[in-house]
Amino acid sequence: MAAERDYSKRASWRVLTQLVRPHWHLAVAACVLLLADIVGMLLIPTQLAALVNVAVGTRDTAELTSHGVAMLVAAVVGSGGCVASYYVASRLAAYVGRDLRVAVYKKSLALSGADFNVFGTGSMITRTLSDANVVQQTLLMTFMMVFPVPVTCVVAIVLAYGIDPVMGRMLLLITIAMLAISGVAVAKSTPIFMAMQGFVDRMNSRLREVVTGTRVIRAFGKEERERGRLDETFEDYATNAIRVNMLFSVVDCSTFFLMNVVEVLVMWMGADRVGAGAMQIGSISALLEYAMLILFFMMMAQFAMIQVPRALSCLTRTAAVLDAVPSVADPAEPKRLAAPADPRPGDEVARFSHASFRFADADEDILHDLDFSIRRGEVTAIMGNTGSGKSTVAKMLLRFHDVTAGSLLMLGTDVREVTQQDLRSHIAYVPQQAWLFSGTIAENLRDGDPSATDEELWHALDVAQAAFVHELPDGLSTRVAQGGSNFSGGQRQRLAIARALVRHADLYVFDDSFSALDYKTDAALRHALEAELANQAVVIIAQRVSTVRHAAQIVVLGDGCVVGRGTHGQLMETCPAYKDIVESQTRGGATADE
């Protein structure tokens, strides 16, 4: 635990420094204005004590007036510094929160699918939103409630020493005792807050799981079980929250006790020092005010310090994301992919050259020794049983995963030698799960090509057999809910296919993108694609034999290896695995294809 706590401190301070450094001028301005606020506030009791001493002693009107004017100036400086410092600190905290969210978001885009899964979707949402908010709010609270403590302590103790060294030492000892109590509280609570942030991740993941799978939970009558799982997670979080609150309640009680002790000591020792002629009677009010201000700011700091360990753990979690090294990265000196000036049918677009892939934590290859070409003007189909690695082939083409042996060439260049953006600009992809973004149909289609005209969008929709869009009252301006939940599965797939067709690419990859379509629409779509993509390379990953029957090349995968390659007729004679798939779907009729 000690090692984790040390790492937490190093990582959190490093990340915070990186976030604050671009806005150092705001940090410096906030500190200067804070100093003006504290000095002005502490000069008021100093001048008040001097005014009382003059009133009791010489009763000099001119001197009384000068002290009164000094108090007014101190009040103006202190109030102005307070308002200005809070404004500057608010801007600084807002910028830091913004930069933190942007940094985590950009890093999440740079991570591969496997890298992202190490953290999990629920945890990444928490780190991007909740953790960033905690850091932003804690930074502001720290400036407003914690930073004044050391400034107040130093200035007040210096002023107290100027009045009487004995009273100055008394304030110094009380300050050290209070800081020690607060330091112990922070050290003890940091690991608890670290655990609590993990429970926040679990609550987020469990809640997303329950909300997403509500229909399944109800269908199987598992409400009580899911309620029990949620209660367990909430109970773990509540137990740790109670531990932290108990810890800081002890600190609050100690602060209140010390405030009363200090008040008694100042009055008692101050009276003794006045009697001994070491100080004047008006100075007691100044010393009492110094002590109360020190302890007041320390009490205020307790509220912020409750959040400090939590913010440190949030920064540590952020550092874990920012320090993650992507398993798929762009080369230092990338090459450029250039499409041929005169592309012709039969030209090689992509090639798997004895390519293999395995996950970092796996003992054996997921895909092994893939060796085939994908050519322009031809349809290459990938088939195989569930779990044979078909979708992984598509992810390797897009470089979501890098080959671990052999090579994968795109337009004659190893994909590891070009940037991911350059590679993907030559590929149009329709994922296995057709995901649409909230907005309009036109906005979703223009993800393929932002400069596409309405005529091009309608053409893509017609090719994708999405005629239902013509029947919608708002046409291309029809609103799309998040995930496309206001459309059926087949409609989402056709819109996703249209989005890919809007992009003018060299390679089109359809990852089981026809599964939600009926046979008639499937056949019509394949016929339309044949004419539309006559000069492009096409990869279709499918379960239905009817979808790939007319492909120029069918690659059959089994246990991660190529067990057959050829046309439908050739494979029926030479590949038992393919023949079994065909016979199973033929025996099962239409239902076997679903």
Side-chain angles (χ1 to χ4, degrees), residues 4 7-8 10-12 14-16 18-19 93-139 193-214 229-230 233-234 236-237 240 307 309-330 359-361 391-392 395 398-402 420-421 424 429 431-439 447 481-485:
E4 292 179 5
Y7 172 73
S8 173
R10 293 197 306 271
S12 57
R14 173 171 51 81
V15 172
L16 183 60
Q18 293 172 351
L19 292 170
Y95 288 148
V96 168
R98 178 201 64 188
D99 293 348
L100 181 57
R101 294 183 192 94
V102 170
V104 175
Y105 176 69
K106 286 185 175 180
K107 188 67 176 187
S108 68
L109 296 181
L111 298 175
S112 68
D115 299 330
F116 192 89
N117 289 335
V118 171
F119 300 101
T121 303
S123 180
M124 288 299 291
I125 292 174
T126 303
R127 294 171 199 242
T128 307
L129 301 178
S130 176
D131 287 6
N133 285 336
V134 169
V135 172
Q136 179 178 335
Q137 293 170 7
T138 303
L139 181 61
F193 274 113
M194 194 71 179
M196 287 176 65
Q197 287 305 112
F199 291 130
V200 171
D201 286 347
R202 286 176 55 189
M203 288 191 295
N204 195 356
S205 298
R206 290 275 172 87
L207 284 171
R208 290 181 70 253
E209 187 178 56
V210 169
V211 171
T212 304
T214 297
R229 293 176 65 199
L230 284 175
T233 305
F234 294 153
D236 290 339
Y237 181 85
N240 283 272
Q307 296 295 324
R310 186 182 178 191
L312 291 175
S313 67
C314 291
L315 286 168
T316 303
R317 287 152 48 83
T318 300
V321 175
L322 299 181
D323 292 344
V325 179
S327 58
V328 177
D330 290 336
F359 290 106
D361 56 351
S391 293
T392 306
K395 293 175 181 177
L398 289 158
R399 209 181 166 213
F400 292 159
H401 300 308
D402 266 341
Q420 298 170 66
Q421 182 178 3
R424 292 164 190 166
Y429 175 57
Q432 197 168 11
Q433 293 182 342
W435 179 267
L436 301 177
F437 297 92
S438 57
D447 284 340
Q482 184 181 27
S485 58

So, for [X] and [Y], which heavy atoms are closest and what is the spacing to 0.1 Å?
| X | Y | value |
| --- | --- | --- |
| Met124 | Ser108 | CE-CB, 3.5 Å |
| Val135 | Ala311 | CG2-O, 4.1 Å |
| Arg317 | Asp131 | NE-OD2, 2.8 Å |
| Ala11 | Ala319 | CB-CB, 3.8 Å |

Excluding sequence neighbours, so at least two apart, what forms side-chain contact (heavy atoms from CB on, under 4.5 Å) with [X]?
| X | value |
| --- | --- |
| Asp330 | Arg399, Thr419, Gln420 |
| Gln18 | Arg14, Arg21 |
| Leu207 | Leu230, Phe234 |
| Ala94 | Gln136 |

About how many Å separate [atom2] of [Y] and [atom1] of [X], when rounded to the nearest 0.5 Å?
| X | Y | atom1 | atom2 | result |
| --- | --- | --- | --- | --- |
| Thr392 | Phe359 | OG1 | CZ | 5.5 Å |
| Leu100 | Asn133 | CG | CG | 9.5 Å |
| Phe199 | Asn240 | CZ | CG | 5.0 Å |
| Arg127 | Leu315 | CZ | CG | 12.0 Å |
| Thr318 | Leu19 | OG1 | CG | 8.0 Å |
| Ser130 | Ile125 | OG | CD1 | 11.5 Å |

Restricting to side chain to side chain donor-acceptor pair (under 3.5 Å), what partner residues turn up for [X], sequence neighbours left out?
| X | value |
| --- | --- |
| Glu209 | Arg229 |
| Gln137 | none |
| Ser327 | Ser112, Asp115 |
| Thr214 | none |

Practice task
Answer yes or no: is there a donor N or O on one side and an acceptor on the other, between the side chain of Lys107 and the main chain of Ala324, under 3.5 Å?
Solution key: yes
Practice task
Name all pairs fulfilling the ring-ring contact (aromatic ring centres under 6.0 Å, His included) condition that reach into residues 98-133, sequence neighbours left out, sorted by first residue then second.
Solution key: none
Problem - Residues forming a salt bridge (Lys or Arg N to Asp or Glu O under 4.0 Å) with Arg98, sequence neighbours excluded - result: none
Problem - Set of salt bridge (Lys or Arg N to Asp or Glu O under 4.0 Å) partners for Asp236, sequence neighbours left out - result: Arg202
